[in-house]
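A short write-up of the structure that comes next.
Protein chains get the first letters and strands the later ones, always in sequence-line order, with residue 1 at the start of each. Because only heavy atoms are used, hydrogens play no part in the values below, and waters and symmetry mates are left out as well, while side chains stay in.
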Amino acid sequence: MGGDAQTGGPDHRFGKARRLLNASDYSRVFDCAEARASHKHVLLLARRNDKPGHRLGLVVAKKNVRQAVQRNRVKRLTREVFRQVPQQGPFLDVVVLARRGIDQLDNAQLSSMLREQWRKLAQRVSTPNPSTSQER
RNA sequence: CGAGUCGAUCAGGCGAUCGCUCCCGGUCGUGUUUCACGGCCGCGGGGAGGAAAGUCCGGGCUCCAUAGGGCAGGGUGCCAGGUAACACCUGGGGGGCGCGAGCCUACGGAAAGUGCAACAGAAAGUAUACCGCCCGGCCACCCAGUGGUCGGGUAAGGGUGAAAUGGUGCGGUAAGAGCGCACCGCGCGGCUGGCAACAGGCGCGGCGAUGGUAAACCCCACCCGGAGCAAGACCAAAUAGGAAUCCAGACGCUGUGGCCCGCAGUGGAUUCGGGUAGGUCGCUACAGGCAGGCGGCGACGCCUGUCGCAGAUGAAUGAUCGUCCUCGACAGAACCCGGCUUAUCGAUCGACUCACUCU
RNA sequence: UGGGGUGUCGCCAAGCGGCAAGGCACCGGGUUUUGAUCCCGGCAUUCGCAGGUUCGAAUCCUGCCACCCCAG
C-alpha cells in the first residue's frame with residue numbers, strides 16, 4: 001500500500017506506517033525478539049519485518065514513570081530520535097521499554113542515550129549473533 | 001514610603017527548519033456511478049490546564065422498569081436566598097481572633113430514653129460529707145477556756161480532678177446557706193423590630209433545677225434506587241446447531257443496589273466440543289465563552305448581539321537553532337459540566353486598612 | 001480510566017476511647033568444655049502525615065501521602 005509513499009516521501013516522516021498499531025504487532029516482537037539492547041534506563045527489542053521501513057512501538061509503564069508529563073516527554077523524545085534514524089538496511093519492528101529512573105534524565109542525555117542504543121541494535125541485526133537468537 | 005487584608009487576570013515571547021493529529025480544499029489509486037477507503041500536496045485552519053491532578057461531593061448522559069412502596073444503610077444540620085444539583089456560592093445572625101481592613105466557625109436536640117467518665121477524690125449524677133466550721137450533753141484538766149467523746153446543724157473554707165450542683169459583692173447567722181437584696185448568668189411568660197435565625201427591653205421565678213459528652217448509641221427535620229462511556233448502541237462474522245451430568249418443576253429461577261414487596265422475563269447451572277475478540281457510533285454545541293443593557297445589596301437571573309474554541313484510540317503540541325527578557329513553577333485532556341481539596345516560580349491591576357513623614 | 005483495600009518495632013502482627021499484647025530477629029547475662037536448646041532481662045514504636053472532636057485518640061471525624069489488588 002505504501003510502495004510509492006516510500007519513494008516519493010522524504011526520509012524523516014513518522015506517520016502510522018512507522019508505528020506498531022495494535023496488540024498483535026507488539027506480541028509479534030515480544031514473542032520472537034531477534035535482537036535486544038539493554039541499558040540501565042531502557043530496553044529495546046527488535047525483529048525484522050517485511051514492510052518498507054522501520055516501525056516503532058513504545059511501552060512506558062506508569063509503574064516506572066510516575067507522572068503523565070514525564071511519560072509524554074519520554075515518548076516524544078524517543079519518537080524524535082527514531083524519526084531521524086536513516087531508513088536503510090534490514091527494516092525492523094522495534095519496541096522500546098522504559099525502565100525506572102528514566103525520567104531523571106534531561107532531554108540531551110536521553111536522546112544521546114537512545115541514539116547509542118539504536119546503533120548497538122542495528123549492529124547486532126546486521127551481524128547476527130548466535131547467542132541472541134538462541135535466547136528465544 | 002513601610003507593613004498588611006481582600007478580589008481579579010496572566011502562566012515566557014518572537015523568528016527559522018523538520019515532524020504529529022483532526023478538519024477543509026485539491027489530486028491520484030482501488031471498488032460498481034452517487035459515494036466510501038487509502039496515499040500525496042497546500043507559505044490553508046484548529047490543537048491541554050488553572051489546577052487538565054486527587055476522585056472528596058453534586059449533576060447531565062447510558063443501561064437496569066418510566067425508578068415505584070417499605071425496612072435497613074448513608075448524607076446534610078443557625079436562618080433566608082441562588083442553582084440542574086451540591087457538602088458549593090451569596091446575604092444575614094450567634095460565637096471566636098485581630099488596633100484595623102478583615103479572617104475562622106460540623107453552629108439542631110442532653111427537662112424521649114440508654115450508655116460513658118481510667119487515675120485521684122468523701123462524692124462523677126434519684127449526689128455526698130473526709131478534713132473542717134458551729135451548737136448542745138457528758139467526762140477530764142490548770143474550770144475564761146482547752147482536749148476527748150456522743151448527738152445535731154452546715155456546705156463558707158481545704159484537698160482531688162478535665163469537670164464538684166450558679167458567679168461576685170453586701171446584709172444576715174451560733175456557724176452557714178438564694179436565707180434576703182443588687183448586678184450578671186439561667187429558666188418561664190408576654191411585648192417591640194425582623195420573612196427567619198436572632199436582637200432589644202419588661203415582668204415573674206430564688207435556681208435542691210436543667211452539670212458534661214450526640215465527630216457514643218440515639219431523637220428530630222430534610223435529602224439519597226443501582227451501576228458506570230471498559231456505560232451502551234450498531235455493522236461484518238459469530239452467539240447457530242450439538243452432547244453429557246446435576247438441580248428445579250412454577251409460593252421456582254433469572255433480571256446489578258443488602259432484604260421484603262412490586263414489576264418484567266422465563267427453566268437454570270456446570271463440563272466437553274465449536275466460534276469471535278476487526279470496525280463504526282457514543283465523541284464533543286453546550287446548565288458554553290465574550291460584549292452590552294435591565295432586575296437584584298449580592299450569589300444570580302432575563303434580554304440582545306457576537307464567536308466556534310482539542311477529540312486521540314499503542315494514543316497527538318515536540319525537537320533543534322537563533323534572539324530578547326524578569327531566565328520560565330506546579331504540571332498533560334481520554335464522556336462532559338458545577339464545586340471542593342491539594343501542588344505551584346513569579347508578574348500585573350483594582351479596592352481597602354494600619355503606622356510614620358510631609359503639605 | 002474506573003472500582004476496591006491496607007498502613008502499629010528490622011519482619012509477622014493483636015488491640016478499636018484510658019499502661020500499645022505476643023512471636024520471630026537482634027543485644028546483654030546465665031546454663032555448657034564450646035555451640036545448639038533452655039532460662040532471665042532489654043529493645044528511644046512521633047501507631048503513614050497534618051488538622052479537629054474529647055479531660056484524654058493507634059482507636060472517632062476531615063484532608064493529604066505511600067503501597068497493593070481487581071476490571072480491557
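The P atoms of G15(B) and G346(B) are separated by 29 Å, rounded to the nearest whole Å. Taking the P atom of each, G115(B) and G257(B) are spaced 40 Å apart, rounded to whole Å. For the C1' atoms, the distance linking U165(B) with C57(B) amounts to 46 Å, nearest Å. Comparing A230(B) with C283(B), their P atoms are spaced 12 Å from each other, to the whole Å. Taking the C1' atoms as reference points, A52(B) lies 45 Å from C218(B), given to the whole Å. For the C1' atoms, the distance linking A264(B) with C247(B) amounts to 24 Å, nearest Å. Rounded to the nearest Å, the gap between the C1' atom of A316(B) and that of G19(B) is 11 Å. Comparing the P positions of U256(B) and A231(B) gives an interatomic distance of 14 Å, to the nearest angstrom.
Residue-level contact check: Val81(A) touches neither bases nor backbone, having no heavy atom under 4.0 Å from any strand. The residue Gln70(A) sits apart from the nucleic acid: no heavy atom pair falls under 4.0 Å. Across all strands shown, Leu58(A) has heavy atoms under 4.0 Å from base atoms, whether or not it also approaches the sugar-phosphate.
Between Arg66(A) and C67(C), a side-chain N or O to OP1/OP2 separation shorter than 4.0 Å is present. Distances shorter than 4.0 Å separate some side-chain N or O of Asn107(A) from OP1 or OP2 on A319(B). Put simply, Arg19(A) has a side-chain N or O that comes within less than 4.0 Å of OP1 or OP2 on U21(B). For the pair Lys62(A) and U1(C), the criterion of a side-chain N or O lying under 4.0 Å from OP1 or OP2 is met.
Side-chain N/O atoms of Arg83(A) and base N/O atoms of C20(B) include no donor-acceptor pair closer than 3.5 Å. Arg73(A) contributes no side-chain N or O that forms a donor-acceptor pair with the base of G332(B) under 3.5 Å.
Heavy-atom nearest nucleotides on RNA chain B were determined for Arg71(A) and for Ser111(A), and the one closer to the 5' end corresponds to Ser111(A). Along RNA chain B, the nucleotide closest to Ala68(A) and the one closest to Arg79(A) are compared, and the more 5′ of them pairs with Arg79(A).
When both distances must be under 3.5 Å, the Watson-Crick or G-U wobble mate of A129(B) does not exist. As the counterpart of U304(B), A291(B) is assigned, both hydrogen-bonding distances of the Watson-Crick or G-U wobble pattern falling under 3.5 Å. Shown here, C60(C) forms a base pair with G52(C); the pair counts as Watson-Crick or G-U wobble because both key distances fall under 3.5 Å. Taking a pair to require two hydrogen-bonding distances under 3.5 Å in either a Watson-Crick or a G-U wobble arrangement, C188(B) pairs with G203(B). With a cut-off of 3.5 Å on both pairing distances, the Watson-Crick or G-U wobble partner of G28(C) is C40(C). Of all nucleotides present, none satisfies the Watson-Crick or G-U wobble test against G314(B) with each distance under 3.5 Å. Under the Watson-Crick and G-U wobble criteria, each requiring two contacts below 3.5 Å, nucleotide A250(B) is left unpaired. Judged by Watson-Crick or G-U wobble contacts below 3.5 Å, the nucleotide A329(B) has no partner.
Base orientation for U284(B): syn, the chi torsion being within 90° of 0. Shown here, A221(B) is classed anti by the O4'-C1'-N9-C4 or O4'-C1'-N1-C2 angle, which is more than 90° from 0. In U54(C) the O4'-C1'-N dihedral to the base is within 90° of 0, which defines a syn nucleotide. C309(B) takes the syn form, because its glycosidic angle lies no more than 90° either side of 0. A syn base is found at G50(B): its glycosidic angle is within 90° of 0.
Checking side-chain atoms of Arg71(A) against main-chain N and O of Arg66(A) turns up a donor-acceptor pair under 3.5 Å. Without hydrogens or angle criteria, Gln109(A) side chain to Asp106(A) main chain gives a donor-acceptor distance under 3.5 Å.
For the pair Leu110(A) CG and G318(B) P, the interatomic distance rounds to 15 Å; values are reported in whole Å. Per the geometry, CD belonging to Gln84(A) stands 17 Å off P belonging to U17(B), to the nearest Å. Taking atom CZ on Phe82(A) and atom C1' on G318(B), their separation rounds to 16 Å, with Å as the unit. The CG-P distance, from Leu56(A) to C20(B), rounds to 14 Å in whole Å. Rounded to an integer number of Å, the gap from Leu77(A) CG to G318(B) P is 11 Å.
With a 4.5 Å cut-off on side-chain heavy atoms, Glu80(A) and Phe14(A) do not count as touching. Residues Arg18(A) and Leu56(A) are not in side-chain contact: their nearest non-hydrogen atoms beyond the backbone lie 4.5 Å or more apart. The shortest side-chain heavy-atom distance between Trp118(A) and Val85(A) falls under the 4.5 Å cut-off. You'll find the side chain of Arg73(A) reaches within 4.5 Å of the side chain of Asn107(A), heavy atoms only. Counting heavy atoms from C-beta on, the side chains of His41(A) and Gln104(A) never come closer than 4.5 Å. In this structure, Arg83(A) and Arg79(A) have side chains that are not in contact, with every pair of non-hydrogen atoms separated by 4.5 Å or more. Looking at Val95(A) and Val59(A), their side chains come closer than 4.5 Å, going by heavy atoms from C-beta outward. Between Val42(A) and Arg99(A), every side-chain heavy-atom pair lies at or beyond the 4.5 Å cut-off.
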Report each atom pair, protein N/O against N/O of nucleotides 341-343 of chain B, whose distance is under 3.5 angstrom.
none

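For Phe14(A), counting side-chain heavy atoms from C-beta on, the closest listed nucleotide (A331(B), C20(B), C67(C)) is C20(B).
Salt bridge present: Asp93(A) and Arg55(A) bring a charged side-chain N and a carboxylate O closer than 4.0 Å.
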